[in-house]
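Down below is the structure, laid out as structure tokens.
Just so it is clear, the model here is predicted, and its values are computed rather than measured.
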Amino acid sequence: MKVLHINYKEVRRLLPMEQCIEEMSEVLKTFSDGDVVMPLRSIVWHPDKRGALGVMPAYLGNPELFGIKIVTVFPGNEGTDYESHQGAVMLFDAEHGRLLAIIDGGEITTIRTAAVSAVATRVLARKDARDLAIIGSGTQARSHLQAMAAVRDLRRIRVWSRNRENAQHFAEWARPIADVEVAQTARGAVEGADIICTVTGSKEPVIQGEWISPGSHINAVGACVKVARELDSAAVARSRLFVDCRESAFNESGDILIPRQEGLFGDDHVRAELGEVLAGRAEGRESDEEVTLFKSLGIAVEDLAAAHYIYRRAQAENIGLSVELGGLRHGAS
């Protein structure tokens, strides 16, 4: 049986940001319509907590597919030759369970995470939002700049990182796309911004609620476990809050769980899943003055939809390496 192997360079070519934004918009609507089966991710931690292995399976009803992403997360890889997120997405057909493709999961994660933030920005940020702050300077900072530029005509861009040298490198990398100012402090980056993307590996808040201007939209991306958060409790409490998946949010998001445990709000503070807003079943932004917050955790159906799009294009363009790998009965040819 032939299985298609698609590497990270091919993923980058086959999944342009603009198209990924549209794919994510559709799969988020499908998710909130209930045409999926998706358990919570399973995480196996290294004994000293230096990194973790995550397993994210899902079934998608339209198109009908099974898939799984297996990914390692090693934040300490910053500054080395290795990405912090590495892994693969495996795509299976739902008729016979045949393995169709093994696709670089790190590059899918890079693109689809930012694309989902772009979907959230498109439907939740003010139409005139053009002032962007990026907190963090790694891979997701780069993909988020590209994603935000795809949905808004940016006027001003500021970046802040705990490592100023990394922030300078980011600004130099971004020069062909836009002029980026390196802020002296996180507060200096955030104050006055109307789109804010937090893409850090921090376990403690890097943004305080008092810094956030009325009418801003926030994409909180970096923290994805219950003991870590990027926003302080006041920032989350003052925001109109949206998530990709309620179940994931109430089981995995420190940004939500910690202020909820402090008694600042209840479960109803989550106004809707993003897919519900996209499908017209829930209201998004209700005024130009309110602060909207999209808490992104990343869900398996996003990886599955991205992998399926890549697989279709790879077949059409004869891209990727086909390898023999099991699946047929003994003696079948």
Determine yes or no for a side-chain-to-main-chain donor-acceptor pair under 3.5 angstrom, with [X] supplying the side chain and [Y] the backbone.
{"X": "Thr200", "Y": "Ser202", "value": "yes"}
{"X": "Thr109", "Y": "Gly105", "value": "yes"}
{"X": "Arg238", "Y": "Ile212", "value": "yes"}
{"X": "Asp93", "Y": "His96", "value": "yes"}
{"X": "Thr72", "Y": "Gln86", "value": "yes"}
{"X": "Thr185", "Y": "Gly188", "value": "yes"}

Can you list the steps and then say if Asp255 with Arg229 is a salt bridge (charged side-chain N to carboxylate O under 4.0 Å, His left out)?
CA-CA 5 Å; Asp255 282 300; Arg229 57 178 176 161; over 6 Å; no

Quick one, [X] and [Y] - any side-chain contact, counting heavy atoms below 4.5 Å?
{"X": "Ile299", "Y": "Phe31", "result": "yes"}
{"X": "Glu273", "Y": "Phe242", "result": "no"}
{"X": "Leu4", "Y": "Tyr311", "result": "yes"}
{"X": "Ile135", "Y": "Cys197", "result": "no"}
{"X": "Ile319", "Y": "Arg313", "result": "no"}
{"X": "Leu154", "Y": "Met148", "result": "yes"}
{"X": "Ile177", "Y": "Gln146", "result": "yes"}
{"X": "Leu65", "Y": "Phe92", "result": "no"}

Just checking Asp179: does its CG atom have more than 12 heavy atoms from other residues, nucleotides or ligands closer to it than 6.0 angstrom?
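At most 12 heavy atoms, drawn from other residues, nucleotides or ligands, come within 6.0 Å of this atom.
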
Should the heavy atoms of other residues, nucleotides or ligands under 6.0 Å from CD of Gln315 be counted, would the total exceed 12?
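Yes, the 6.0 Å shell around CD holds more than 12 heavy atoms from other groups.
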
Sequence neighbours excluded, which residues qualify as salt bridge (charged side-chain N to carboxylate O under 4.0 Å, His left out) partners of Asp131?
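Partners of Asp131 under the salt bridge (charged side-chain N to carboxylate O under 4.0 Å, His left out) test: Arg158.
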
List in chain and number order the residues that pass salt bridge (charged side-chain N to carboxylate O under 4.0 Å, His left out) with Glu191, two or more places apart in sequence or in another chain; answer none if no residue qualifies.
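Applying salt bridge (charged side-chain N to carboxylate O under 4.0 Å, His left out) to Glu191 gives Arg187.
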
Just verifying a value: how many Å separate [X] [atom1] and [Y] [atom2], rounded to the nearest 0.5 Å?
{"X": "Asp104", "Y": "Arg12", "atom1": "CG", "atom2": "CZ", "value": "9.0 Å"}
{"X": "Arg41", "Y": "Ile70", "atom1": "CZ", "atom2": "CD1", "value": "14.0 Å"}
{"X": "Leu145", "Y": "Ser143", "atom1": "CG", "atom2": "OG", "value": "9.0 Å"}
{"X": "Phe66", "Y": "Leu99", "atom1": "CZ", "atom2": "CG", "value": "13.5 Å"}
{"X": "Leu304", "Y": "Arg112", "atom1": "CG", "atom2": "CZ", "value": "11.5 Å"}
{"X": "Asn7", "Y": "Leu321", "atom1": "CG", "atom2": "CG", "value": "9.0 Å"}

Minimum heavy-atom distance [X]-[Y], with the two atoms named:
{"X": "Val243", "Y": "Phe294", "result": "C-CE1, 3.6 Å"}
{"X": "Ser213", "Y": "Ala193", "result": "CB-O, 4.3 Å"}
{"X": "Glu276", "Y": "Ser32", "result": "N-OG, 3.5 Å"}
{"X": "Met24", "Y": "Glu302", "result": "CE-O, 3.4 Å"}
{"X": "Cys245", "Y": "Met38", "result": "SG-CE, 4.1 Å"}
{"X": "Ala235", "Y": "Gln208", "result": "CB-C, 4.3 Å"}

Would you kindly confirm whether [X] and [Y] end up in one hydrophobic cluster when ILVMFWY residues are joined by side chain heavy atoms under 4.5 Å apart?
{"X": "Val180", "Y": "Ile195", "value": "yes"}
{"X": "Val225", "Y": "Ile207", "value": "no"}
{"X": "Met56", "Y": "Leu297", "value": "no"}
{"X": "Val270", "Y": "Leu124", "value": "no"}
{"X": "Ile134", "Y": "Val119", "value": "no"}

Taking it one step at a time, do Thr198 and Asn219 satisfy side chain to side chain donor-acceptor pair (under 3.5 Å)?
CA-CA 6 Å; Thr198 61; Asn219 298 304; over 6 Å; no

Under the rule for side chain to side chain contact (heavy atoms under 4.5 Å, CB included), what residues qualify as partners of [X], not counting sequence neighbours?
{"X": "Asp288", "answer": "Arg126"}
{"X": "Pro39", "answer": "Pro57"}
{"X": "Arg50", "answer": "His46, Asp48, Phe74"}

For Glu262, check side-chain hydrogen bond (donor to acceptor under 3.5 Å, both in side chains) against everything at least two apart and list the hits.
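If we apply the side-chain hydrogen bond (donor to acceptor under 3.5 Å, both in side chains) test to Glu262, skipping adjacent residues, the hits are Ser233.
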
Output, in order, the C-alpha distance, side-chain angles, deciding distance and verdict of side chain to side chain donor-acceptor pair (under 3.5 Å) for Arg240 and Thr292.
CA-CA 5 Å; Arg240 185 171 172 85; Thr292 54; over 6 Å; no

Is there a side chain to side chain donor-acceptor pair (under 3.5 Å) between His144 and Ser117? Walk through the geometry before answering.
CA-CA 8 Å; His144 271 73; Ser117 293; 2.8 Å; yes

Applying side chain to side chain donor-acceptor pair (under 3.5 Å) to Glu172 and Gln168, what does each step give before you reach the verdict?
CA-CA 6 Å; Glu172 293 167 9; Gln168 294 283 5; over 6 Å; no

